[in-house]
Structure formats: C-alpha cells, structure tokens
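Encoded as structure tokens, the structure appears first; notes follow it.
Scope of the values below: all heavy atoms of this structure, side chains included, with no hydrogens, waters or symmetry mates.
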Amino acid sequence: MRPRSFGLIFLLFIFFYCQKPPIPKLEESVRPIKIEKGLVNVKDIDPNIEIDLRYSTSENFTGSIIYPFQTCLLRKETAEKLKAANTEFQSYGYRIKIWDGYRPPYAQKILWEKVPNPRYVGNPTKGGSVHNRGGAVDLTLIDSEGKELEMPSLYDEFTYKASPFRKDLEPTVSKNLEVLVGILTKHGFKQISSEWWHYNDGDAKVYPLVEVDPKLWEK
C-alpha cells in the first residue's frame with residue numbers, strides 16, 4: 001500500500017471515529033425531599049444541624065415525654081434560612097443544636113395546661129404558637145466537640161434569667177449570645193424578649209397553622 005493511501009485511510013478513520021455519538025453519562029439519583037403541608041425534616045435540608053428534641057424526652061420542664069416522635073420538622077423556607085445561618089456558624093467552629101421545631105397543636109394544649117402564661121407558652125385558643133406553624137425554632141450553639149456554649153440560662157427557664165436583654169450577663173455569655181443573635185437575625189430570624197433560645201422566622205405570619213404527624217418521616 002502506498003504511503004499516501006495509508007494516510008488517507010487513517011484520516012478517514014479519525015473522521016468517522018470523531019462522529020460517534022458521545023456515551024451518555026448516568027445521572028446521579030437524588031432522593032426527593034418529603035414535604036407535607038409545607039413542612040420538611042430539618043435533617044433533609046441540613047444534616048449538619050444537631051437535633052435534640054427535649055419534648056421527645058422527659059428532660060424538659062414538664063418532666064414528661066410530650067412528643068411520640070424524634071423527627072424535627074420546620075417549614076421548608078424556615079429550614080433553608082436555618083441552613084444558611086448554620087453554614088455561617090460553622091465558619092466560627094460552631095453548629096446549631098435544635099431543642100424544638102414544629103409543635104403539633106395537641107402538644108401546645110399540654111404545655112399550656114402546665115404553664116398557662118402567654119409570656120412563655122402560646123395560648124392554643126388564641127392562635128397558639130409560631131411553633132404550630134413550623135416557623136419557630138428553639139436552639140443553641142455547640143462547639144466542635146458537641147459542647148453547648150454558655151448562654152443566659154438553661155432551656156425552658158421561665159424566669160427573667162431567660163431574657164436575652166439582661167444587663168447582668170457574664171462577658172463570655174454576652175459574647176456567645178451576640179454571635180447567636182447576630183447571625184440568626186442576619187438570615188431572617190427574629191428574637192423575642194422572654195426566651196434567648198426562641199427564634200421566629202421573619203415570614204412566619206404568612207404560614208398557616210398545620211397539623212402534621214412527624215412520624216410520617218419515621219416510617
């Protein structure tokens with residue numbers, strides 16, 4: 001075979017080889033996020049958020065187990081705001097730890113019976129709590145070892161000690177609180193005067209009161 005013919009055949013081979021359709025890439029399967037009446041499992045939005053639902057244990061002011069579930073739910077919009085805040089907290093070496101999120105209406109009635117004080121517990125006959133809408137969260141911060149940062153009081157301390165506006169806080173506590181409040185408000189949350197751990201989604205007023213069983217996520 002002449003060299004010129006060989007070169008022509010080689011060029012034709014390269015041409016036809018390049019015309020072969022590309023091998024399609026297999027798409028990665030993404031598990032869809034379960035949503036019920038606007039609520040999602042916080043862990044589905046941000047697995048780096050620590051969950052410690054106190055009302056799913058007896059370690060709360062009632063001394064009794066209120067929730068027959070372990071899953072923390074929030075409005076999807078609220079959970080996404082919390083994820084953004086948690087990402088910023090992680091840049092400081094901290095993470096969010098949640099004590100309470102969505103609270104079913106039946107649980108609100110139980111808590112109201114224990115503490116019928118609207119300063120600390122929403123009256124279920126007068127709109128209940130923002131927790132019942134999935135737009136409120138009780139939380140704190142933990143460090144890289146999982147240790148809670150020192151804050152103004154223990155969780156569910158229904159006295160003046162729980163106020164984030166106290167003037168008698170220790171410098172370390174005041175600094176920790178400043179970090180907590182600063183980042184959460186930056187990402188769309190609002191604090192309240194009676195409980196340093198409670199934050200409402202700034203858009204919570206448009207969220208409806210819903211009744212959802214968190215155990216739907218546990219099946």
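- With sequence neighbours excluded, the residues that form a side-chain contact (heavy atoms from CB on, under 4.5 Å) with F165 are S163, Q191, S193.
- Taking CG from L73 and CG from N41, the interatomic distance works out to 6.5 Å, rounded to the nearest 0.5 Å.
- Between L74 and Y102 the shortest heavy-atom distance is CD2-N, 4.1 Å.
- Summarising the geometry, atom CG belonging to D143 is positioned 10.0 Å from atom CD belonging to E148; distances are rounded to the nearest 0.5 Å.
- Hydrophobic clustering, with ILVMFWY side chains joined whenever heavy atoms are under 4.5 angstrom apart, keeps I192 apart from L169.
- By the ring-ring contact (aromatic ring centres under 6.0 Å, His included) test, Y106 pairs with no residue at all, sequence neighbours left out.
- P164 approaches L177 most closely through the heavy-atom pair O-CD2, 3.4 Å.
- Taking the side chain as every heavy atom from C-beta outward, N123 and P118 never approach each other to under 4.5 Å.
- F89 places none of its side-chain heavy atoms less than 4.5 Å from the side chain of I49.
- Sorted by first and then second residue, the pairs that involve residues 162-173 and meet salt bridge (charged side-chain N to carboxylate O under 4.0 Å, His left out), not counting sequence neighbours, are R166-D168.
- Partners of Y94 according to the ring-ring contact (aromatic ring centres under 6.0 Å, His included) rule, which considers only residues two or more places apart in sequence or in another chain, do not exist here.
- Note: the hydrophobic cluster containing V210 does not contain V42 (ILVMFWY, side chain heavy atoms under 4.5 Å, direct or indirect links).
- Nearest heavy-atom pair, I65 versus S56, reported as atom, atom and distance to 0.1 Å: CG2-O, 3.8 Å.
- The closest side-chain heavy-atom distance from L180 to Y199 is below 4.5 Å.
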Requested in this report: Run the numbers on F61 and E157 for side-chain contact (heavy atoms from CB on, under 4.5 Å), then give the verdict.
Outcome: CA-CA 8 Å; F61 77 94; E157 170 78 49; over 6 Å; no
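- Note on W217 and I66: separate hydrophobic clusters, where clusters join Ile, Leu, Val, Met, Phe, Trp and Tyr whose side-chain heavy atoms are under 4.5 Å apart, directly or indirectly.
- We find the CZ-OG1 distance between R54 and T62 to be 12.0 Å, quoted to the nearest 0.5 Å.
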Query - Stepwise side-chain contact (heavy atoms from CB on, under 4.5 Å) test for D100 and Y155 - result: CA-CA 10 Å; D100 198 18; Y155 179 55; 3.6 Å; yes
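- Within the structure, the salt bridge (charged side-chain N to carboxylate O under 4.0 Å, His left out) test picks out no pair touching residues 209-219 (sequence neighbours left out).
- By the rule that hydrophobic residues join a cluster once side-chain heavy atoms approach within less than 4.5 Å of another member, W99 and I110 end up as members of one cluster.
- Judged as a ring-ring contact (aromatic ring centres under 6.0 Å, His included), and not counting sequence neighbours, the contacts of Y55 are Y67.
- A search for side chain to side chain donor-acceptor pair (under 3.5 Å) contacts involving T87 returns nothing, not counting sequence neighbours.
- Listed by first and then second residue, the salt bridge (charged side-chain N to carboxylate O under 4.0 Å, His left out) pairs that reach into residues 36-48 are R31-D44, K34-E36, sequence neighbours excluded.
- Note: T140 OG1 to M151 CE = 4.5 Å, rounded to the nearest 0.5 Å.
- In terms of heavy atoms, L53 sits closest to G101 at CD2-N, 4.3 Å.
- Contact check for L82 versus L139: side-chain heavy atoms found under the 4.5 Å cut-off.
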Requested in this report: Could you go through the side-chain contact (heavy atoms from CB on, under 4.5 Å) check for Q108 and V121 one step at a time?
Outcome: CA-CA 8 Å; Q108 190 67 31; V121 180; 3.5 Å; yes
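- Linking Ile, Leu, Val, Met, Phe, Trp and Tyr whenever their side-chain heavy atoms come within less than 4.5 Å leaves I45 and L39 in two separate clusters.
- Between the CG atom of L149 and the CG atom of N176 there is a distance of 4.0 Å, given to the nearest 0.5 Å.
- Shown here for P214 and V212, the closest heavy-atom pair between the two residues is CD-O, 3.1 Å.
- The shortest distance between side-chain heavy atoms of I183 and N86 does not fall below 4.5 Å.
- No hydrogens or angles considered: a donor-acceptor pair under 3.5 Å links the side chains of W196 and S153.
- When the side-chain contact (heavy atoms from CB on, under 4.5 Å) test is applied to E77, the partners found at least two apart in sequence or on another chain are R75, Y207.
- Closest non-hydrogen pair, K190 versus G202, comes out as CE-CA, 4.1 Å.
- Residues in residues 109-119 take part in no salt bridge (charged side-chain N to carboxylate O under 4.0 Å, His left out) pair, two or more places apart or across chains.
- Residues satisfying the side-chain contact (heavy atoms from CB on, under 4.5 Å) criterion with A136, sequence neighbours excluded, are V130, H131, H198, N200.
- Considering only residues two or more places apart in sequence or on other chains, K76 meets the side-chain contact (heavy atoms from CB on, under 4.5 Å) condition with I35, V40, E80.
- Between K81 and D203 a salt bridge is recorded (basic side-chain N to carboxylate O distance below 4.0 Å).
- Put simply, CD on E50 and CD1 on I142 are 4.5 Å apart, with the number rounded to the nearest 0.5 Å.
- Remark: side-chain polar atoms of R95 are paired, donor with acceptor, to backbone N or O of N48 under 3.5 angstrom.
- Residues L141 and I96 form a side-chain contact, since some pair of their non-hydrogen atoms from C-beta on lies under 4.5 Å apart.
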Query raised in the report: Run the side-chain contact (heavy atoms from CB on, under 4.5 Å) check on Y120 and D156 step by step: do they pass?
Result: CA-CA 9 Å; Y120 299 107; D156 274 356; over 6 Å; no
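- Looking at heavy atoms from C-beta onward, T78 lies out of side-chain contact with V137 at the 4.5 angstrom threshold.
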